[in-house]
Every structure is written in structure tokens, then in C-alpha cells.
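Data first, discussion second: the structure below is written as C-alpha cells.
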Amino acid sequence: MPADQLRRTRIQDLLKSTDLNREVLVKAWVRTRRGNKYVQFIALNDGSCLATLQVVAAAEGFPEESLKEITTGSCIAVRGQLVASQGKGQAVEIQATEITVLGTADETYPLQKKGNDQKGISLEHLREIAHLRPRTNTFGAVLRIRHALAFAIHQYFNDHGFYYVHTPIITGSDAEGAGQMFRVTTLPPEHPPRTADGAVDYAEDFFGKQTNLTVSGQLEGELAAMALGSVYTFGPTFRAENSNTARHLAEFWMIEPEVAFNDLTDNMDLAEDFLQSLVRYALAHCAEDLQFLNDTYDKELLERLNFVTTNEFQRLTYTEAVEILKSAKKKFEFPVDWGTDLQSEHERYLVEKHFKKPVILTNYPKEIKAFYMKLDDDGRTVRAMDVLFPGIGEIIGGSQREEDLVKLQTRMAEMHVPEDELWWYLDTRRFGTAPHAGFGLGFERLVLFVTGMTNIRDVIPFPRFPKNAEF
RNA sequence: GCUUCCUUAGCUCAGCCGGUUAGAGCAUCUGACUGUUAAUCAGAGGGUCCCUGGUUCGAGCCCAGGAGGGAGCGCCA
């Protein structure tokens with residue numbers, strides 16, 4: 001092939017290639033350069049995998065002076081022979097014949113290599129340079145795993161007969177009951193049009209009414225399930241809560257399957273198989289990245305992931321959980337009483353101390369759960385389920401839905417949910433209602449669990465949280 | 001929103017009881033070195049000690065207020 005038609009090969013493909021002694025072209029970012037006046041070694045990373053490719057530049061072709069611009073962080077194109085490496089750290093390397101600097105990076109590049117004192121840039125500092133952190137090993141690994149999990153989610157549902165439905169991001173309802181919402185408006189903030197009594201006149205707004213960013217696609221997902229049978233949503237979700245924790249974001253991605261004719265047990269079966277399949281997919285497809293995270297941050301990560309894929313989740317009712325907590329020897333900061341919601345410390349005790357495995361809690365008191373959950377026969381509890389994971393807490397929240405129109409209307413009245421805003425939702429119970437169930441999985445919480453990262457702001461490229469919308 | 005801790009070189013951190021010119025490792029720069037593996041060796045440059053005010057003969061250190069960040073809690077996914 002003529003030299004100028006040579007196409008670039010990804011480093012991932014070169015590193016596993018057995019077709020040696022051929023000319024290749026690589027385009028990538030420089031991690032380090034070292035050597036002497038006779039030979040120089042350049043470690044290259046193009047993001048296709050964690051590992052770097054070693055480029056050898058011999059002095060005959062590349063006097064040391066000519067490599068001055070090849071600094072940590074610069075981007076170069078290398079043409080050369082792919083050969084077996086003489087060194088011990090790698091199987092193959094490139095003997096360079098031509099190096100072109102595509103982009104320089106001077107000494108102010110923030111991601112200079114860390115030294116042999118093993119101390120690198122902290123995750124906290126990397127959050128302040130989130131535009132560059134994908135170039136680190138850690139964020140490369142996290143972002144590749146995030147991608148793999150997103151892909152596995154679509155594959156799982158496709159393989160199981162689910163249809164992907166796109167629910168709206170702008171919603172005209174603020175009655176979904178999942179938290180504070182962000183307003184969406186085109187009205188001028190300084191001088192909005194007013195009605196005769198002085199209130200802001202939203203009839204003048206873009207949609208002719210107040211609108212918000214969605215807090216959940218569930219209600220629309222239910223509409224689709226009542227036609228397509230098994231559906232799921234996977235999209236961005238927004239909560240304007242002033243939550244300052246390592247497990248909350250103002251903008252996050254949520255997966256919400258909804259299945260006609262499923263009851264609570266079917267729902268639990270789906271959640272458990274779904275989660276196990278996703279973890280299994282990551283173990284099979286992200287081995288190198290997971291090994292790196294295991295070695296770097298959390299020595300028990302792989303062990304924990306394998307454990308989850310091979311052990312059944314512990315299922316018990318809220319009432320049973322309260323009994324266990326009441327008889328526990330541990331002293332809790334918050335008392336446990338039937339009817340109050342469990343605190344983080346209680347959930348952590350059940351998952352990490354008592355059962356030492358993922359837990360699915362069901363049949364919560366109706367007072368502490370949403371209006372749309374199906375009432376149990378005793379009239380006190382609802383068919384809710386929360387999946388609790390070690391280190392994460394609630395990773396899934398779901399329920400069998402109330403399919404009976406009258407019971408649903410009664411619950412809405414009790415919880416002051418206005419019927420007129422959800423007339424379309426109630427129509428599903430008026431026309432051909434059916435038992436159905438579903439749940440919401442926080443995507444970033446899943447990525448948090450699989451990567452072993454401890455702060456949710458480190459598993460999404462550009463996190464949105466109170467007082468921060470940089471980048 | 002609440003509790004608590006932190007903020008010193010580009011990064012990661014020391015800094016004694018409040019006392020002379022604020023230190024280390026890494027990074028960067030310069031030089032040496034014939035295949036390195038987060039190369040090695042030698043040298044050099046690099047500081048608004050987060051900001052404002054106060055106490056004191058004297059403040060990186062003590063006090064007050066503010067800003068930013070971490071961890072935990074609440075809300076939840």
C-alpha cells in the first residue's frame with residue numbers, strides 16, 4: 001500500500017496483533033518519553049484501551065533535539081514497523097520511521113506523569129480539570145466501563161423482548177412525586193408577563209403552561225407498557241434537590257423497565273437477573289480496566305463483582321427487616337420502628353453486616369412510598385421493592401403498580417396528587433387496565449458499583465451537582 | 001439544608017510551643033548516560049502559605065467572618 005494511504009490502527013488492535021514486521025500508522029497522545037541520545041522510548045495512549053504502546057525512536061532517524069516537542073500530553077502520528085519488542089515490558093512495539101507532531105503540550109499541561117513516589121493527582125483535583133481527566137488511566141477505565149454497561153443494558157433488553165421507548169425530557173406535569181424539579185421556561189426572568197392578579201402568566205410561555213425537566217420517565221413508560229408489553233427507558237433525569245452526597249447528582253441517567261402482566265416477584269426476578277447480567281458483561285468485556293481499578297483503588301472489587309453474579313439476592317419484607325434490626329445488638333443512631341423509613345445505617349447493616357449480600361426489601365408501609373404502588377391485601381403495605389447494594393445503598397427502587405382505578409384514585413386523594421394533571425395516566429386504568437410492574441435503576445450508581453469508585457461525581461464525565469455546572 | 005474536617009510550589013504533602021531567609025518527593029528546565037519500563041544520576045528555577053479583618057514586638061501557625069473542597073447525615077436512583 002502506498003505510504004500516504006496507510007490508515008491508522010488503534011493501539012488496542014496493535015497490542016494484540018500477531019501480524020508483525022509490517023508498516024503501521026498510530027495517532028495518539030504521549031504519556032511519557034524517556035531514553036538517551038542514542039535511543040528514545042515514547043509511551044502512547046489513544047484511549048482504545050488502558051495499556052500504552054511503546055514507540056522506539058533510534059538516533060539515526062531521530063536525534064534527541066528533533067524530539068523536543070514530543071512531551072507528555074502532546075499528540076503525535078507515528079509511522080513505523082510493528083515489531084516484537086526487545087524489552088521486557090511489552091510484546092510488541094513500533095520502530096518509528098516518521099513522527100509528526102499534531103499538537104504540542106508545554107510544561108503547563110496539568111497531567112504530567114507522576115513519579116515513583118506513587119503519588120498522583122487526587123480525584124478531587126481531577127474534578128476541577130474534568131475537561132482533561134478522561135486522559136488519565138482512571139477515567140479512561142471508568143468511561144470505557146460506563147460505555148460497556150450502557151451497551152449491555154440495551155443488549156439485555158433487546159435479547160429479552162423489550163422495546164426502548166423515548167420518554168420526554170421536558171414535562172408538563174409536576175406531580176410525578178420524585179423530587180424537586182428544574183423549571184423550563186422562555187419567559188424573561190426580569191420582567192415576565194403577569195396576569196391581572198400579578199402572578200406570572202405561564203399562558204405566555206413557550207408551551208403555554210409551566211414546564212419542568214423530567215424527574216422520571218416511569219409514568220410515560222407505563223403508558224407504553226400498556227401497548228408494547230415490555231418496555232424500558234434509558235435517559236437523563238433531573239432532580240433539583242440540594243443533595244450534597246457522594247451518591248447523588250442533579251443530572252443523572254436512569255434505566256426504567258416497565259412490564260405488563262408482571263407482579264412483584266416477576267419484578268424482583270427481572271431486577272436480579274438484569275443486575276447480575278450487567279456485572280457479568282463488565283467482567284467479561286472490561287477485564288483489563290477492572291483489574292486496574294482493583295489494583296489501584298479497591299483490592300476487593302473483582303471479588304465483590306464475582307460474588308454478586310454467583311449469589312442470589314436476599315429477599316425479605318420491610319416488616320421482617322424491622323424485626324432483624326430491632327433484635328440487632330448494634331446501637332443505631334436512629335431508632336427502628338415499623339412505619340418509619342429505614343435510614344442508611346439500617347440498610348448498610350442489613351447488606352454489609354447481617355446478610356453480607358445484596359438485599360431486596362419489599363412490602364413497605366404505604367405511607368412512605370409513592371401513590372402509584374399497588375396496595376397489599378392488608379391495606380397497610382404496598383408492593384414496593386428496593387434493591388440494596390453494598391457501598392451504594394439503594395441502587396434500584398420499584399414496585400408493582402396499582403392497576404385498579406378506584407384504589408389508585410383513593411391513594412392519589414390521600415397523598416394530595418392532583419387528578420387533573422394526570423388524567424392521561426388514569427386513562428390506562430380506565431381502558432384495558434392490566435397488572436404491571438417496573439423499577440428505576442440509577443445508571444451512575446451501577447457504574448459506581450462496578451468500577452469501585454466511591455464518589456458518583458467520578459463516574460460521569462461532567463457531573464452536575466449543587467453550585468457546580470462547569471464544563 | 002445540617003454536622004465535621006481540610007485549604008502551604010504545577011501535583012502529593014511536611015512545617016515543632018507563635019520567633020531568623022517556608023521545606024521534601026514527584027513534575028518542569030539544563031547536563032550526563034548505548035534498549036528504557038512511572039528509567040537512572042547530577043544540577044537549577046519555581047511560593048499572594050485560599051481571601052478579608054483582628055490579636056501580638058512578631059502570624060503559615062491564634063481569633064472572627066467569607067470562599068472553595070472532602071467525608072458523614074437528610075432527600076433519593
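- Aromatic pair His154(A)/Tyr232(A): ring centres closer than 6.0 Å.
- The same atom, C1', is picked in C11(B) and in A27(B); the two are 7 Å apart, to the nearest Å.
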All N/O pairs under 3.5 Å across the protein-nucleotides 43-50 of chain B interface:
none

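- Taking atom C1' on both G45(B) and U30(B), the two are 10 Å apart, rounded to the nearest angstrom.
- C76(B) sits 29 Å from A67(B) when the C1' atoms are compared, rounded to a whole Å.
- Checked options Val450(A), Asp295(A), Thr451(A); the residue passing with Leu290(A) is Val450(A) (criterion: side chain to side chain contact (heavy atoms under 4.5 Å, CB included)).
- Nucleotides G10(B) and G74(B) are separated by 39 Å at their P atoms, to the nearest Å.
- The gap from the P atom of G58(B) to that of U3(B) amounts to 35 Å, rounded to the nearest Å.
- Relative ring orientation between Phe389(A) and Phe313(A) is described as perpendicular, the plane-to-plane angle rising above 60° on a 0-90° scale split at 30° and 60°.
- Rounded to whole Å, the C1' atom of G68(B) lies 16 Å from the corresponding atom of U8(B).
- Checked by atom type, the side-chain pair Thr233(A)/Tyr164(A) shows no donor-acceptor distance below 3.5 Å.
- With rounding to the nearest 0.5 Å, the separation of CD in Glu352(A) from NZ in Lys357(A) is 15.0 Å.
- Separation of atoms CD1 (Ile396(A)) and CG (Leu275(A)) is listed at 4.0 Å; rounding is to 0.5 Å.
- C76(B) atom C1' lies 12 Å from atom CE of Met373(A), rounded to whole Å.
- Taking the six-membered ring for Trp and thresholds of 30 and 60 degrees, Tyr349(A) and Phe332(A) have ring planes more than 60 degrees apart, a perpendicular arrangement.
- Leu111(A) comes within contact range of no nucleotide atom at all, as no heavy-atom separation falls under 4.0 Å.
- Distance, Glu444(A) CD to C76(B) P: 19 Å, rounded to whole Å.
- Across Ile360(A) and Glu272(A), no two heavy atoms sit closer than the pair CD1-OE1, 4.2 Å.
- Aromatic ring orientation, Phe471(A) versus Phe462(A): tilted (interplanar angle from 30° to 60°).
- Under the 3.5 Å distance criterion, with hydrogens and angles disregarded, a donor-acceptor pair is assigned to the side chains of Gln218(A) and Glu222(A).
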Watson-Crick or G-U pairs under 3.5 Å in RNA chain B, rendered as dot-bracket with [ ] for crossing pairs and | for another strand: (((((((..((((.....[...)))).(((((.......))))).....(((((..]....))))))))))))....
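- With rounding to the nearest 0.5 Å, the separation of CZ in Arg10(A) from OG in Ser48(A) is 5.0 Å.
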Protein N or O to nucleotides 28-36 of chain B N or O, pairs below 3.5 Å:
from	atom 1	to	atom 2	distance (Å)
C33(B)	OP2	Lys37(A)	NZ	2.7
U34(B)	OP2	Tyr38(A)	OH	3.4
G35(B)	OP1	Asn36(A)	ND2	2.6
G35(B)	O6	Gln86(A)	NE2	2.7
G35(B)	O6	Gln95(A)	NE2	2.7
G35(B)	N1	Glu93(A)	OE2	2.8
G35(B)	N2	Glu93(A)	OE1	2.6
G35(B)	N2	Glu93(A)	OE2	2.9
U36(B)	O2'	Arg34(A)	NE	3.3
U36(B)	O2	Arg34(A)	NE	2.6
U36(B)	O2	Arg34(A)	NH2	3.2
U36(B)	N3	Gln54(A)	OE1	2.9
U36(B)	N3	Gln54(A)	NE2	3.0
U36(B)	O4	Gln54(A)	NE2	2.4
U36(B)	O4	Gln90(A)	NE2	3.2

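- The separation between Ile460(A) atom CD1 and A77(B) atom C1' is 13 Å, rounded to whole Å.
- For the side-chain hydrogen bond (donor to acceptor under 3.5 Å, both in side chains) test, no residue two or more places apart in sequence or in another chain qualifies with His346(A).
- The aromatic ring centres of Phe274(A) and Phe157(A) sit less than 6.0 Å apart.
- One atom, NE2 of His346(A), and another, P of C75(B), lie 11 Å apart when rounded to the nearest Å.
- Atoms CD (Glu241(A)) and C1' (C2(B)) sit 15 Å apart, rounded to a whole Å.
- For the C1' atoms, the distance linking C51(B) with G43(B) amounts to 37 Å, nearest Å.
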Worked verdict on Phe252(A) versus Phe443(A) for side-chain contact (heavy atoms from CB on, under 4.5 Å): CA-CA 7 Å; Phe252(A) 63 101; Phe443(A) 184 53; over 6 Å; no
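- Going from atom CD of Gln180(A) over to atom C1' of G1(B) covers 12 Å, rounded to whole Å.
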Might you list the N or O atoms of the protein lying below 3.5 Å from N or O atoms in nucleotides 8-11 of chain B, with each pair's distance?
from	atom 1	to	atom 2	distance (Å)
C11(B)	O2'	Gly120(A)	O	3.4

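- Atom C1' of C49(B) sits at a distance of 13 Å from the matching atom of A14(B), rounded to the whole Å.
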Contact list (N/O, under 3.5 angstrom) for nucleotides 70-74 of chain B vs protein:
from	atom 1	to	atom 2	distance (Å)
G70(B)	OP1	Arg127(A)	NH1	2.9
G70(B)	OP1	Arg457(A)	NH1	3.3
G70(B)	OP2	Arg457(A)	NH1	3.4
A71(B)	OP1	Asn455(A)	ND2	3.1
A71(B)	OP2	Asn455(A)	ND2	3.1
C73(B)	OP1	Arg348(A)	NH1	2.9
C73(B)	OP1	Arg348(A)	NH2	3.4
C73(B)	N4	Asn244(A)	O	2.8
G74(B)	OP1	Gln343(A)	OE1	2.6
G74(B)	OP1	Ser344(A)	N	3.3
G74(B)	OP2	Ser344(A)	OG	2.6
G74(B)	O6	Asn244(A)	N	3.3
G74(B)	N2	Asn242(A)	O	3.2

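- In this structure, CD1 of Ile456(A) is placed 14 Å from C1' of C75(B), rounded to the nearest angstrom.
- Look at CZ on Arg33(A): it is 16 Å from C1' on U37(B), rounded to the nearest Å.
- None of His436(A), Met373(A), Lys374(A) except one satisfies the side chain to side chain contact (heavy atoms under 4.5 Å, CB included) rule with Glu402(A); the exception is Lys374(A).
- Residue-level contact check: Leu249(A) touches the bases, meaning some heavy atom is under 4.0 Å from a base atom.
- A donor-acceptor pair shorter than 3.5 Å can be found between the side chains of Gln90(A) and Ser85(A).
- The side-chain heavy atoms of Glu128(A) and Glu470(A), taken from C-beta on, include no pair separated by under 4.5 Å.
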